[in-house]
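Report on the structure given below.
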2 protein chains.
Amino acid sequence: MRKRATAKQVAEAAGVSKWTVIRAFTPGASITEESKRKVLETAAALNYTPNLLARSLATNTTGQVAVFVDDFANPQKLPFLESLTEKLQAAGLVVMLININNHFDHVNALLHADQRQVDAIILFGTAFRDETLTDLQLGNGMPPMFVLARDSQIEGVPAVVCDAELALREIVDHLHAKGYKRPGFMSGAAALSTALRRRQHFAEFWAEKGVTDIALLFAEKYSAPAGAASIRRYLSETAAQDRVDVLMCENDILAIGAMDEIRGKFGLRVPEDIAIVGFDNYELGGSFAYGLTTYEQPRNEMVDVVLKMIKGKIEPETITLPGRLIVRRSA
Amino acid sequence: MRKRATAKQVAEAAGVSKWTVIRAFTPGASITEESKRKVLETAAALNYTPNLLARSLATNTTGQVAVFVDDFANPQKLPFLESLTEKLQAAGLVVMLININNHFDHVNALLHADQRQVDAIILFGTAFRDETLTDLQLGNGMPPMFVLARDSQIEGVPAVVCDAELALREIVDHLHAKGYKRPGFMSGAAALSTALRRRQHFAEFWAEKGVTDIALLFAEKYSAPAGAASIRRYLSETAAQDRVDVLMCENDILAIGAMDEIRGKFGLRVPEDIAIVGFDNYELGGSFAYGLTTYEQPRNEMVDVVLKMIKGKIEPETITLPGRLIVRRSA
DNA sequence: AACTCTCTTGCTACCGGGTGCAAAATAGTT
DNA sequence: AACTATTTTGCACCCGGTAGCAAGAGAGTT
């Protein structure tokens, strides 16, 4: 194994005690300019730098935040991860990225993060089952947890989410104003509360406009092929005059898959034959090829809020933040 | 701060010494079935689980691997991160994701990772400057480093990359066989060695076919708008009869940006007017809207190799692995 | 010069485990 | 029963820091 210089070695070389060395590296500690300079010089010569592991053990805070992700297929994760790493790092925290896809047992992942003494756990997944958490006797020594970008029904586990009610209201208002009359909704994994909520609000606001008949489509997972398969099923089973004139997809990936299928395989036009709306404002949806109307989650603001909760600057409680409707050609 | 049970507490409760408790949690340690059972029972009752931080401090290995990423705009990163987290976790390692975009000083990030005693550092970025590393007196206590998915010229820092020579040979062979005669190449950030290499091989293999005149386009960064801007400049400056008939873009993002611009703004056809080739096989490039011919890096194999090097199962040395040409409609 | 008061410095104890050795307990042998 | 070999267990010390207190060193006052 590698060997680094320790405070003790620097102390001997500089002719002081190891505590003086440590004080030289502790901002605001009581130490003379003279000895501080001396210590820092010998430290630089010996290539010494404090061992954060030892510090963590002594202070009982690691500065590490575990971020759980289970769905790497959604490109939306990447800008979120960028924002998370950037903001957490700026606050002196570091991200431990934990993959909890099916190969990995969720409970074990949680216990593992706990064993590593992380300061907080961010559940940034869409398919994390609530029961997994309730099984774990939360509060009993587990680090504080936060759910990012999805709902949480769990007592003591606050969520930071985009305001689904506002989002769907804006979307439905827009579609209604555009004159669409036969809406449909494509879900990705209906069991999830976040997914359900979007669909419910969609139905609710259309009902306010007097439209109660909403076609429901289901994709097996959040992927373009799944979206394509779902719309393929729908189009082949539904006569042209009975089809929706606008389809809202639960996220952009589904929307893109659906759009490809509609135009490529069925030769229909978007938005003339079927208009499409997505969710998430995934970067490529804005390209010329798609021009997807979508809704953008307030990523940076959401991460800011989670960070403040972790840092204890605001009370941990579920918070919804307003996003932004992005109108393009597809609807 | 939270309180967890410690080995000492479990020892008292079970009526043994703390070392016996530790042995119960150490596979292969010398301990009777009887006392092991007794310890594990009381441990379960007290909700005890070993503190990995303390263990790391004592054993001088953390099981943490820092992964440096600087460009979150490239969706290609996500499947790589998935593969990395999955395979490293399966090997008992955990990923510390470190964002080294411009807000963050690279040297500091390295020192920080070092201070956290990570077992290895994976540079999974495209714009990491070699000088940053050479400045750091490598080997002098720094954790072993590996460069993933780009070249490394640094002594002692091996790279695991997709075989660029083979890739470009396959691509050029394919394009030549298809009858293209006036090739062009769009670079993203020409200063990088990986980027240069792709361009050089592209030129080299065309030269073997007797084509020495390669149009060179430059995009300011690896993004769709940058690719679009680059091709826009080229098309508006170049008369129709002088234009390339096939354009190879350094990665799929540039290719998609270029394709959008060619079709959307200039009304030209792909591949009839200009054929397009990308690199990386970014998922959406395969959609109906793009049908991008591209080249796929052997992600899983690359990660496997890095993992083996980290684990010391194979000698750390630069390794190139063959990828796979993916032919679609765009070329 | 004696005496405070304040700033530095060193020390003990501790964070929660791991290592290697010696003592204790058990098993095996004659 | 005495003795040896082997397994278990306990112990001192270590990993590299931090916390808080007490002793030491200066500076200021009378």
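Order of the sequence lines sets the chain letters (A, B, ...), proteins ahead of strands, with each chain counted from 1.
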With sequence neighbours excluded, residues passing ring pair (Phe, Tyr, Trp, His ring centres under 6.0 Å) with B:Phe72: none
Integer-rounded Å distance: C:dG17 P and A:Asn51 CG: 17 Å
Closest listed nucleotide, where the reference is the side chain of A:Thr6 and the choices are C:dG20, D:dG16, C:dG16: D:dG16
Of B:Leu57 and B:Val16, the one whose closest DNA chain D nucleotide lies more 5': B:Val16
Terminal axes of the helix from C:dA1-D:dT30 to C:dT30-D:dA1 (five pairs each): angle between them, nearest 10 degrees: 50°
Per A:Arg23 side chain, nearest of listed nucleotides C:dT9, D:dT18, C:dG18: C:dT9
With A:Leu53 via side chain to side chain contact (heavy atoms under 4.5 Å, CB included) - residues at least two apart: A:Asn51, B:Leu53, B:Ser56, B:Thr62, B:Gln117
Partner set under side chain to side chain contact (heavy atoms under 4.5 Å, CB included) for B:Ile319, not counting sequence neighbours: B:Val305, B:Met309, B:Ile314, B:Glu317, B:Leu321
Any residue meeting side-chain hydrogen bond (donor to acceptor under 3.5 Å, both in side chains) with B:Ser223, in chain and number order, not counting sequence neighbours: none
Distance-only donor-acceptor test (3.5 Å): side chain A:Arg4, base D:dG16: no
Show me, pair by pair, the donor-acceptor contacts under 3.5 angstrom made by side chains of residues 8-16 of chain A, not counting sequence neighbours?
unit_1 : atom_1 : unit_2 : atom_2 : d
A:Gln9 : OE1    : A:Thr6 : N      : 3.3

B:Phe68 ring center within less than 6.0 Å of B:Phe124 ring center: no
Pairs meeting criterion salt bridge (charged side-chain N to carboxylate O under 4.0 Å, His left out) with involvement of residues 298-312 of chain A, two or more places apart: A:Lys87-A:Asp304
Spacing of B:Asp114 atom CG relative to D:dG16 atom C1', expressed in whole Å: 14 Å
Partner set under side-chain hydrogen bond (donor to acceptor under 3.5 Å, both in side chains) for B:Thr49, not counting sequence neighbours: A:Gln115
B:Lys8 NZ to D:dC11 P, straight-line distance once rounded to whole Å: 12 Å
What's touching nucleotides 12-14 of chain D from the protein side, N or O pairs under 3.5 Å?
unit_1 : atom_1 : unit_2  : atom_2 : d
D:dA12 : N6     : B:Trp19 : NE1    : 2.9

Nearest-angstrom distance from the residue atom CZ of B:Arg55 to C1' of D:dG16: 18 Å
A:Ile22 side chain, from C-beta outward: closest of D:dG17, C:dG17, C:dG16: D:dG17
Pairing of B:Arg4 and A:Asp114 as salt bridge, 4.0 angstrom limit: yes
Residue A:Thr20, side-chain atoms from C-beta onward, closest of D:dG17, C:dG17, C:dG10: C:dG10
All side-chain hydrogen bond (donor to acceptor under 3.5 Å, both in side chains) counterparts of A:Thr318, not counting sequence neighbours: none
Residue pairs involving residues 20-41 of chain B (criterion salt bridge (charged side-chain N to carboxylate O under 4.0 Å, His left out); sequence neighbours excluded): B:Glu34-B:Arg37, B:Arg37-B:Glu41
Whole-Å distance separating the OH atom of A:Tyr48 from the P atom of D:dG16: 10 Å
Strand-adjacent residues in residues 24-44 of chain A, judged by heavy atoms under 4.0 Å from DNA chain D: none
